[in-house]
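To start, the structure itself, in structure tokens.
Order of the sequence lines sets the chain letters (A, B, ...), proteins ahead of strands, with each chain counted from 1.
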Amino acid sequence: MPRDVVSAVIEGDPQAYENEHVHGVYEQIASHFSMTRYKPWPVIAKFLADLPDGWVGLDSGTGNGKYLPLPLDRPGAVWTIGLDRSQNLLSIARHAGDAGDGKVIREVVRDDVLGKSWRPGIFDYSISVATIHHLATAERRKSAIKRLLLHVSPEHGRILIYVWAIEQDSLSKRDIPHDAGSSQDSNSSEKGKDIFVPWVLSQSSEASKEQATFHRYYHMFAKGELSELVSMAATELGLHVGPPLATEGRKGIEIVQDGWERSNYYVEIRCWQSKS
Amino acid sequence: MVRLITHNLLACHAKGCNANNFPLQFKDVEIEIREAEFNPDFLRGFLPKIEWKALVDSARQIGDTSLPAEQPEMVDDDFLKSLHHVLLELHIEEGSMTCPNCSHVYPISNGIPNMLLAEHEIA
Ligand SMILES: [Zn+2]
């Protein structure tokens, strides 16, 4: 079964491109995809475990909702609302962490990650896991980060963003072609790569066993590209990037973690506001 | 799922709709009541974020009148239990939500509110 990825070239309207190469694919592979996505990443589990009681957050691009039940040792102490564009994934996410008795129901909302269907700054935290890398231009990826910054509290909001890295784990099953297309529009000094990743779906019926291959679009991030994009997004929103300042009336963000975990880059952001 | 905990955070985001775009008004709703585990620590933490009038009005729209019109200063267990019921046990399964400003309609189907905008409606 070929697991190799191939280069992608973005043509035409990026929204239409994502509709075809991201959203359309997830609607079709939702249940099979969900069966393979059950283990939480340690960095994200830790981020959620550290949240205080009473906090409400947004999982922007929740997929099958695997992070909605966390932290498992404090059920109901924090509420994560799941947002996704795929109706089929949301139908699964609604019951994430359910023991099979249909009792547990999660809060999920259908929208685009570039939407802003919330009271501004209302969330205490937000996570964006394996989502922003499906947006087809650097401008749209930056817009998605701006949305996260605007969704959380300017005083104490926390954000965790997780994207796919060019730098792959040696255990990864994937081979990244060295000639994969570098992003045409990236302003980053080091450039990410635009690729397609195949998803092979077996459809067994009595008559035949058919295989369908779907190609999902990804932007693989280069080292430093994610934190650079975060800094640009924050700066464009008038936020200072760095540790909290004592100067009156300033708002900013601090990147408190910037790392790599198992083929992914992640950053953790904390918002701060000085006394006015 | 849309429960009032989520509804109290949602706002209309149609093109040009920036003021008076909250709370969305329920219409033709089907409600299911499902018990949820009572967690007073969560409720105390969430309380400051609630737009109280919006919550009380929305609860009345869907037939629950258990909350006081003014948010009480004394937060006791009885109050927290009413709040728990209104925020977390009333599930709006079907129906729609209409923006009070631009009248955009967001449908709710199988418990999932659809906030997606068509391309020409995006700001
Ligand atoms: Zn509106």
Stepwise side chain to side chain contact (heavy atoms under 4.5 Å, CB included) check, A:V109 with B:V2: CA-CA 8 Å; A:V109 170; B:V2 66; 6.0 Å; no

B:E119/A:Q15 under side chain to side chain contact (heavy atoms under 4.5 Å, CB included): CA gap, chis, key distance, verdict: CA-CA 9 Å; B:E119 213 150 320; A:Q15 175 73 69; 4.0 Å; yes

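Distance CH2/A:W79 to CD1/B:I5: 5.5 Å, rounded to 0.5 Å. Taking CZ from A:R106 and OG1 from B:T6, the interatomic distance works out to 12.5 Å, rounded to the nearest 0.5 Å. Between the CD atom of B:E51 and the CD1 atom of A:I122 there is a distance of 7.5 Å, given to the nearest 0.5 Å. In this structure, CD1 on A:I105 lies 7.5 Å from CD on B:E32, to the nearest 0.5 angstrom. Interatomic distance, CG of B:N8 versus CZ of A:R119, reported as 5.0 Å (0.5 Å rounding). Note: A:E107 CD to B:H7 NE2 = 12.0 Å, rounded to the nearest 0.5 Å.
Contact between B:K49 and A:G54 at its shortest, heavy atoms only, is NZ-O, 3.8 Å. When all heavy atoms of B:L116 and A:D112 are compared, the pair lying nearest together is CD2-N, 3.5 Å. Taking both residues in full, the closest heavy atoms of B:F42 and A:W55 are given as CE1-O, 3.8 Å, listed atom of the first, atom of the second, then distance. Minimum interatomic distance between A:S91 and B:I112 (heavy atoms only, all atoms of both residues): N-CD1, 4.1 Å. Here the closest heavy-atom approach between residue A:V108 and residue B:P113 is recorded as O-CD, 3.3 Å.
Between A:R74 and B:E37, no side-chain nitrogen of the basic residue sits less than 4.0 Å from a carboxylate oxygen of the acidic one, so the salt-bridge criterion is not met.
Looking at B:L88, the atoms closer than 4.5 Å to chain A (heavy atoms on both sides) all sit in the side chain, from C-beta outward. For A:L90, the parts sitting under 4.5 Å from any heavy atom of chain B are the backbone and the side chain alike. There is no contact between A:P120 and chain B, counting heavy-atom distances below 4.5 Å. Looking at A:V78, the atoms closer than 4.5 Å to chain B (heavy atoms on both sides) all sit in the backbone: N, CA, C or O. In this structure, the portions of B:F46 lying under 4.5 Å from any heavy atom of chain A include both its backbone and its side chain. Contacts of A:D13 with chain B are made by side-chain atoms alone, with heavy-atom separations under 4.5 Å and no backbone atom involved.
In A:K146, the NZ atom is crowded: over 12 heavy atoms of neighbouring residues, nucleotides or ligands sit closer than 6.0 Å.
Between A:R110 and B:Y106 the shortest side-chain heavy-atom distance does not fall below 4.5 Å.
In this structure, the side chain of B:N39 engages the main chain of A:G76 through a donor-acceptor pair within 3.5 Å. With hydrogens and angles disregarded, no donor-acceptor distance shorter than 3.5 Å links the side chain of A:R94 to the backbone of B:G111.
Ranked by heavy-atom pairs under 4.5 Å with chain B, the list A:L83, A:I81, A:L114, A:V104 is led by A:I81.
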